[in-house]
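Here is the structure we will look at.
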Amino acid sequence: MDPEASDEKDDRQHLISQSGRPNDVLNSPNSRRPSTFQIDDGLKSPFSGVCRRFKSRCLVAICLLVPILVLCFTIDFKNMLPIRFPRIEVLTNSSIPVNRMRGSELQALYLLKQQEFELFKMWNYTALVNKSELNLVNSSTSLNMSSANHDAAASPSSSLLEDLKSRIFSQISLNKRIQGVLLSSQENGDKVDLYENYTDANFLGWNRCGKVDQRLSERRTIEWKPRSDKYLFAICVSGQMSNHLICLEKHMFFAALLDRVLVIPSAKVDYEFRNVLDIEHINKCLGRKVVVTFEEFAESKKNHLHVDKFMCYFSLPQPCFVDDDHVKKLKGLGLALSKIEAVWEEDVKQPKQRTVQDILANFSSDDDIIAIGDVFFADVDRQRVMQSGGPIAHKCKTLIEPSRLILLTAQRFIQTFLGKDFIALHFRRHGFLKFCNAKQPSCFYPVPQAADCINRVVERANSPVIYLSTDAADSETGLLQSLVIWNGKTIPLVQRPAVNSAEKWDALLYRHGLEGDSQVEAMLDKTICALSTVFIGSSGSTFTEDILRLRKDWGSASKCDEYLCEGELPNFIAEDE
């Protein structure tokens with residue numbers, strides 16, 4: 001049987017139909033005797049009349065109420081009756097929607113979980129301090145900081161302290177962001193950017209990526225007051241342009257020590273230095289004529305174009321580190337050369353530390369024109385040579401710097417693509433794999449490992465964009481770009497774009513016929529990197545070293561500057577051939 005049908009039948013048996021007669025109910029065999037308090041059907045008739053009259057009045061009242069309600073909703077009583085009603089603050093004072101408050105609270109919870117995770121990392125980090133100190137002591141690579149940033153190597157404890165400060169600073173900044181998110185749920189609260197840094201960079205007088213104090217008041221310099229008729233003929237042959245610039249800088253030091261005017265090499269035997277350097281700037285900084293171009297030298301010495309004494313600083317692997325091909329080029333300029341002789345035994349692979357007194361004792365001469373060969377590898381009075389501004393007293397920031405055209409073009413590029421806050425990365429790759437693997441330890445890192453190192457610098461610097469100076473293939477830079485991410489956002493790697501007549505940032509180079517010059521473009525890259533907020537360089541690259549020199553001399557060197565993956569070994573190294 002259907003249980004629902006059975007229940008319905010039972011209900012019908014217990015109900016008394018309103019149309020049923022009283023006698024039918026009393027005569028029913030299932031009827032019961034009425035109780036004392038039962039109301040007799042005979043009494044229902046007067047009450048029924050009352051109910052009918054009440055229902056009629058209700059209908060009239062409802063009919064009258066409907067038009068009244070219509071009037072209430074259509075007439076503006078607020079303007080008709082200027083009566084102000086008090087508000088209930090809890091219900092009506094807040095202008096923030098509930099869903100916005102809830103969203104802000106969820107953001108705050110997310111940031112709190114992130115902070116919890118970072119604090120646990122800090123806790124685990126403190127347990128590794130002793131082990132890290134031991135590793136740093138045993139690893140000279142980890143101890144040696146960039147020479148452009150520090151006059152002396154930093155101690156392990158100092159390095160660890162700076163890293164710990166950086167981590168604590170990050171958590172303080174994160175806490176500020178949490179407060180901002182929570183406050184944004186209040187009345188008139190503004191929307192909070194989860195990736196913005198809400199902590200003052202100079203918190204408690206400490207800036208994790210602040211400028212390096214170059215201690216200019218402690219500079220030890222020498223005066224360069226050359227005799228106008230005495231010359232030092234610069235010769236630089238090793239490596240590319242960056243090597244030649246370092247060689248030229250050291251030649252200036254030797255010329256100052258020997259009281260001689262320095263002759264800049266001719267473009268026929270060396271690079272076209274006039275296109276990349278402001279040569280006249282050097283003379284202005286000294287307030288006297290201390291350098292001349294080869295053309296100026298040849299004009300003044302046209303009746304005696306002769307190197308009177310050729311004294312070699314290096315004797316090995318060949319005297320003056322000059323090969324026969326370079327000697328032919330020098331003679332092709334109409335320059336007569338004396339016999340090439342070494343003053344001592346010195347190997348470019350194992351240069352000895354020399355003093356100013358050693359130079360004066362072995363290279364002083366009364367001859368009008370002398371040459372000492374390539375001095376790129378020379379190691380003389382290192383502390384004085386490596387200090388900010390160089391070893392020579394002058395009134396400028398640095399003596400060897402990019403030409404005015406290149407500097408202005410770099411500034412225009414930065415204004416167009418980067419802005420004032422950017423990281424610069426010199427990512428040397430071409431030919432670097434073999435070069436680095438020949439060193440101990442290797443300095444060539446897999447792209448994913450390099451990306452991890454870059455991400456750590458981005459976290460400390462909190463910069464929105466990276467300028468990429470590289471000779472890497474597109475396959476490597478493309479992979480690198482996909483892996484450089486911070487706080488869930490991809491950090492763009494910006495390179496100088498291909499030539500486009502619609503772009504005006506490089507117009508100065510076109511006007512002066514310097515477009516397409518590889519050395520001008522290289523110096524432009526250096527200048528952009530030297531003007532960055534933070535710089536990441538390639539260890540072992542003289543291109544990087546020249547950038548670090550400019551940053552040091554210009555005062556743009558940052559405490560966050562470093563070599564790529566400094567202190568780390570590549571996580572994979574290929575075998576030798």
Side-chain angles (χ1 to χ4, degrees), residues 222-238 241 244-314 318-343 359-376 378 392 394 399-400 403 519:
I222 61 172
E223 295 289 336
W224 188 1
K225 296 180 178 179
R227 293 171 289 177
S228 60
D229 59 341
K230 303 297 180 182
Y231 296 90
L232 173 62
F233 194 88
I235 297 177
C236 299
V237 297
S238 60
M241 170 66 87
H244 288 225
L245 291 177
I246 295 173
C247 171
L248 201 61
E249 185 180 22
K250 291 184 177 181
H251 261 104
M252 290 168 57
F253 181 45
F254 283 104
L257 290 176
L258 300 173
D259 299 327
R260 292 179 175 271
V261 175
L262 183 66
V263 181
I264 304 295
S266 167
K268 295 180 180 180
V269 297
D270 207 328
Y271 293 105
E272 186 61 86
F273 289 107
R274 288 180 300 183
N275 289 346
V276 296
L277 297 180
D278 191 344
I279 296 177
E280 193 55 36
H281 163 81
I282 300 173
N283 293 322
K284 290 179 180 178
C285 291
L286 272 295
R288 61 184 71 93
K289 198 77 168 179
V290 293
V291 295
V292 295
T293 63
F294 177 79
E295 290 72 21
E296 292 175 312
F297 167 73
E299 180 65 25
S300 64
K301 292 289 184 180
K302 55 186 176 182
N303 296 327
H304 183 71
L305 202 58
H306 183 271
V307 175
D308 301 316
K309 200 164 188 177
F310 217 134
M311 300 175 286
C312 297
Y313 186 95
F314 285 103
Q318 65 254 8
C320 286
F321 202 46
V322 176
D323 56 20
D324 294 336
D325 183 60
H326 197 80
V327 171
K328 291 179 181 179
K329 289 181 180 180
L330 291 174
K331 292 181 177 180
L333 296 174
L335 187 66
L337 305 177
S338 63
K339 183 180 180 180
I340 301 177
E341 296 179 331
V343 300
I359 303 302
L360 293 174
N362 289 274
F363 294 96
S364 295
S365 172
D366 290 331
D367 294 286
D368 291 344
I369 306 170
I370 66 171
I372 59 177
D374 194 313
V375 291
F376 170 74
I392 300 171
H394 57 82
L399 294 179
I400 297 182
S403 67
Q519 299 308 320

Side chain to side chain contact (heavy atoms under 4.5 Å, CB included) assessment of Phe310 paired with Phe233: CA-CA 9 Å; Phe310 217 134; Phe233 194 88; over 6 Å; no
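- Taking the six-membered ring where the residue is Trp, the centroids of Tyr313 and Phe254 are separated by under 6.0 Å.
- Nearest approach of Leu305 to Ala298, heavy atoms of both residues: CD1-CA, 3.9 Å.
- Minimum heavy-atom separation, Arg227 to Leu258: NH2-O, 3.9 Å.
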Can you list, pair by pair, the side-chain donor-acceptor contacts under 3.5 Å of residues 363-370, counting residues two or more places apart and other chains?
residue	atom	partner	partner atom	Å
Ser364	OG	Leu360	O	2.6
Ser365	OG	Asp367	N	3.1
Ser365	OG	Asp367	OD2	2.7
Asp368	OD1	Lys230	NZ	2.9

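- Listed by chain and residue number, nothing satisfies the ring pair (Phe, Tyr, Trp, His ring centres under 6.0 Å) test with Phe376 (two or more places apart in sequence, or in another chain).
- Residues satisfying the side chain to side chain contact (heavy atoms under 4.5 Å, CB included) test with Pro226, not counting sequence neighbours, are Trp224, Val261, Arg288, Val290.
- Contacts classified as ring-ring contact (aromatic ring centres under 6.0 Å, His included) and involving residues 258-293 (residues at least two apart or in different chains) are given here: His244-Tyr271.
- For the salt bridge (charged side-chain N to carboxylate O under 4.0 Å, His left out) condition, no pair includes a residue of residues 251-271, sequence neighbours left out.
- The line from NZ of Lys309 to CD of Glu341 is 8.5 Å long, rounded to the nearest 0.5 Å.
- Shown here are the ring pair (Phe, Tyr, Trp, His ring centres under 6.0 Å) partners of Phe294, two or more places apart in sequence or in another chain: there are none.
- Checked against side chain to side chain contact (heavy atoms under 4.5 Å, CB included), Ala234 has the following partners two or more places apart in sequence or in another chain: Leu248, His251, Leu262, Pro265.
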Side-chain donor-acceptor pairs under 3.5 Å in residues 326-335, sequence neighbours left out?
none

Lys289/Ser228 under side chain to side chain contact (heavy atoms under 4.5 Å, CB included): CA gap, chis, key distance, verdict: CA-CA 8 Å; Lys289 198 77 168 179; Ser228 60; over 6 Å; no
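- Not counting sequence neighbours, the partners of Glu299 by the salt bridge (Lys or Arg N to Asp or Glu O under 4.0 Å) test are Lys302.
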Candidate pair Glu280 and Ile282, rule side chain to side chain contact (heavy atoms under 4.5 Å, CB included), full reasoning: CA-CA 5 Å; Glu280 193 55 36; Ile282 300 173; over 6 Å; no
Residue pair Leu399, Leu286: steps toward the side chain to side chain contact (heavy atoms under 4.5 Å, CB included) verdict: CA-CA 9 Å; Leu399 294 179; Leu286 272 295; 3.6 Å; yes
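- For the atom pair SG of Cys236 and CE of Met241, the computed distance is 10.5 Å after rounding to the nearest 0.5 Å.
- By the salt bridge (Lys or Arg N to Asp or Glu O under 4.0 Å) test, Asp323 pairs with no residue at all, sequence neighbours left out.
- Side chain of Asn275 to main chain of Gln519: no donor-acceptor pair is present (N/O by atom type, distance under 3.5 Å, no hydrogens or angles).
- Nearest approach of Cys312 to Pro319, heavy atoms of both residues: SG-C, 3.7 Å.
- Closest of all the heavy-atom pairs between His394 and Ile392 is CD2-O, 2.9 Å.
- Partners of Ser300 according to the side chain to side chain contact (heavy atoms under 4.5 Å, CB included) rule, which considers only residues two or more places apart in sequence or in another chain, are Tyr231.
- Judged by distance alone, the side chains of Ser403 and Asp278 never bring a donor and an acceptor atom under 3.5 Å apart.
- Nearest heavy atom pair, residue Ala378 against residue Phe314, reads N-CZ, 3.5 Å.
- Looking at every heavy atom in both residues, Ile235 comes nearest to Ala371 through CD1-CB, 4.2 Å.
- With sequence neighbours excluded, the residues forming a salt bridge (Lys or Arg N to Asp or Glu O under 4.0 Å) with Glu272 are Arg274, listed by chain and number.
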